[in-house]
Amino acid sequence: MNLRWGAGMGREPGSVAEHVGALAELRDAGLVRNIGISNVLPEQLDEALEITPVVCVQNRYGLTERDDDGLLARCGELDIAFVPFFSVGAAVPGAVPGGAADETGVEQVAAVAASHGATPAQVRLAWTLHRGPHVLAIPGTGDVSHLEQNVAAAALRLTDDELARLDAVAS
């Protein structure tokens with residue numbers, strides 16, 4: 001069970017201890033198997049880990065939204081799954097509530113996509129998955145063809161040069 005912290009898309013500071021503690025009690029009672037946290041700051045992960053094991057962190061993250069690079073790396077070190085949301089959607093018009101499509105790096109993404117015969121969304125998803133074996137992307141779709149493309153993106157192997165060019169998009 002995931003604790004989603006804060007309201008809306010923004011992350012909020014504050015203590016998660018009471019809420020994580022309640023989830024730990026549910027787990028101890030056999031009602032919840034695992035505990036994850038969502039939309040959190042690094043210090044909130046630390047606080048949660050003082051109370052109970054955490055199996056995943058689900059935060060907004062993608063090619064052009066890299067505020068959580070450090071948290072993603074830390075999750076890998078701790079063997080905690082990092083589950084980014086809007087890793088593809090940030091570039092899709094209308095996908096992010098209240099936001100315009102992020103066109104940062106559109107040319108670089110398109111060039112990499114063309115070299116693989118892939119879509120830009122597949123490249124964004126492949127880049128996200130290349131961030132580490134602990135990264136489990138959750139691209140949303142209501143379209144079967146997009147679902148098939150999302151699955152195929154997992155097999156897309158980006159070169160070191162392509163990864164470096166894409167990494168530079170957010171710099």
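When reading the values below, keep in mind they use all heavy atoms of this one structure, side chains included, and skip hydrogens, waters and symmetry mates.
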When the aromatic ring centroids of Tyr61 and Phe82 are compared, is their separation below 6.0 Å? yes
Single-linkage hydrophobic cluster Val151~Leu156, side-chain heavy atoms < 4.5 angstrom: no
Is there a side-chain contact between Pro53 and Arg27 (heavy atoms, below 4.5 Å)? yes
Would you mind reporting whether Val112 and Arg165 have side-chain heavy atoms less than 4.5 Å apart? yes
For Gln122 and Gln149, which heavy atoms make the closest approach, and how far apart are they? NE2-O, 3.0 Å
May I ask whether Leu41 and Val54 are part of the same hydrophobic cluster, defined by side-chain heavy atoms of I, L, V, M, F, W, Y residues being less than 4.5 angstrom apart, directly or through others? no
With side chains defined as the heavy atoms from C-beta onward, is the minimum distance between Leu23 and Thr52 less than 4.5 Å? no
Under a 4.5 Å side-chain heavy-atom rule over Ile, Leu, Val, Met, Phe, Trp and Tyr, are Leu26 and Trp5 clustered together? yes
Taking CG in Asp79 as the centre, count heavy atoms belonging to other residues, nucleotides or ligands within less than 6.0 Å. Is the count above 12? no
Check whether any side-chain heavy atom of Thr128 lies under 4.5 Å from a side-chain heavy atom of Val135, and answer yes or no. yes
Do Glu12 and Asn39 touch side chain to side chain, with heavy atoms closer than 4.5 Å? no
Donor on one side chain, acceptor on other, Asp143 and Ser145, under 3.5 Å: yes
Correct closest heavy-atom pair for Gly14 and Gln44 would be O-NE2, 3.0 Å
Linking I/L/V/M/F/W/Y whenever their side-chain heavy atoms sit closer than 4.5 Å, directly or via other members, would Leu147 and Val123 fall into one cluster? no
Pairwise side-chain contact, His130 with Leu166, heavy-atom cut-off 4.5 Å (strictly under): no
Point-to-point distance, once rounded to the nearest 0.5 Å, from CG of Leu3 to CD of Gln58: 11.0 Å
Should Val55 and Leu31 be counted in the same cluster of Ile, Leu, Val, Met, Phe, Trp and Tyr side chains packed under 4.5 Å apart? no
Does the Arg157 side chain pair with the main chain of Ala154, one donor and one acceptor, at a distance under 3.5 Å? yes
Atom CZ of Phe85 and atom CD of Glu65: how far apart are they, to the nearest 0.5 Å? 9.0 Å
Salt bridge (charged side-chain N to carboxylate O under 4.0 Å, His left out) assessment of Arg74 paired with Asp46: CA-CA 10 Å; Arg74 180 129 191 280; Asp46 293 338; 2.4 Å; yes
Do the charged groups of Asp68 and Arg11 touch, with an N to O distance under 4.0 Å? yes
When rounded to the nearest 0.5 angstrom, what is the spacing between CG in Leu71 and CZ in Arg66? 13.5 Å
Can you tell me if His134 uses its side chain to pair, donor with acceptor, with the backbone of Leu72 under 3.5 Å? yes
Contact summary for Ser38 and Asn2, nearest pair of heavy atoms: CB-ND2, 4.3 Å
Glu162 and Ser115: side chain donor to acceptor below 3.5 Å: yes
Using salt bridge (charged side-chain N to carboxylate O under 4.0 Å, His left out), reason through Arg131 and Asp69 one step at a time and then give a plain yes or no. CA-CA 9 Å; Arg131 303 304 289 167; Asp69 274 344; 3.4 Å; yes
Considering non-hydrogen atoms only, spot the tightest contact between Ile37 and Ala48 and give its length. CD1-CB, 4.2 Å
Heavy-atom distance under 4.5 Å between the side chains of Ser15 and Glu47, does that happen here? yes
Quick check: closest heavy atoms across Val83 and Ile138, and the distance to 0.1 Å? CG1-CG2, 3.6 Å
Smallest heavy-atom separation, Val57 atom then Leu45 atom, equals CG2-CD1, 4.0 Å
State, yes or no, whether a side-chain contact exists between Leu49 and Leu78 at a heavy-atom distance under 4.5 Å. yes
Tell me, yes or no, whether the heavy-atom count around Asp161 atom CG, taken from other residues, nucleotides or ligands under 6.0 Å, exceeds 12. yes
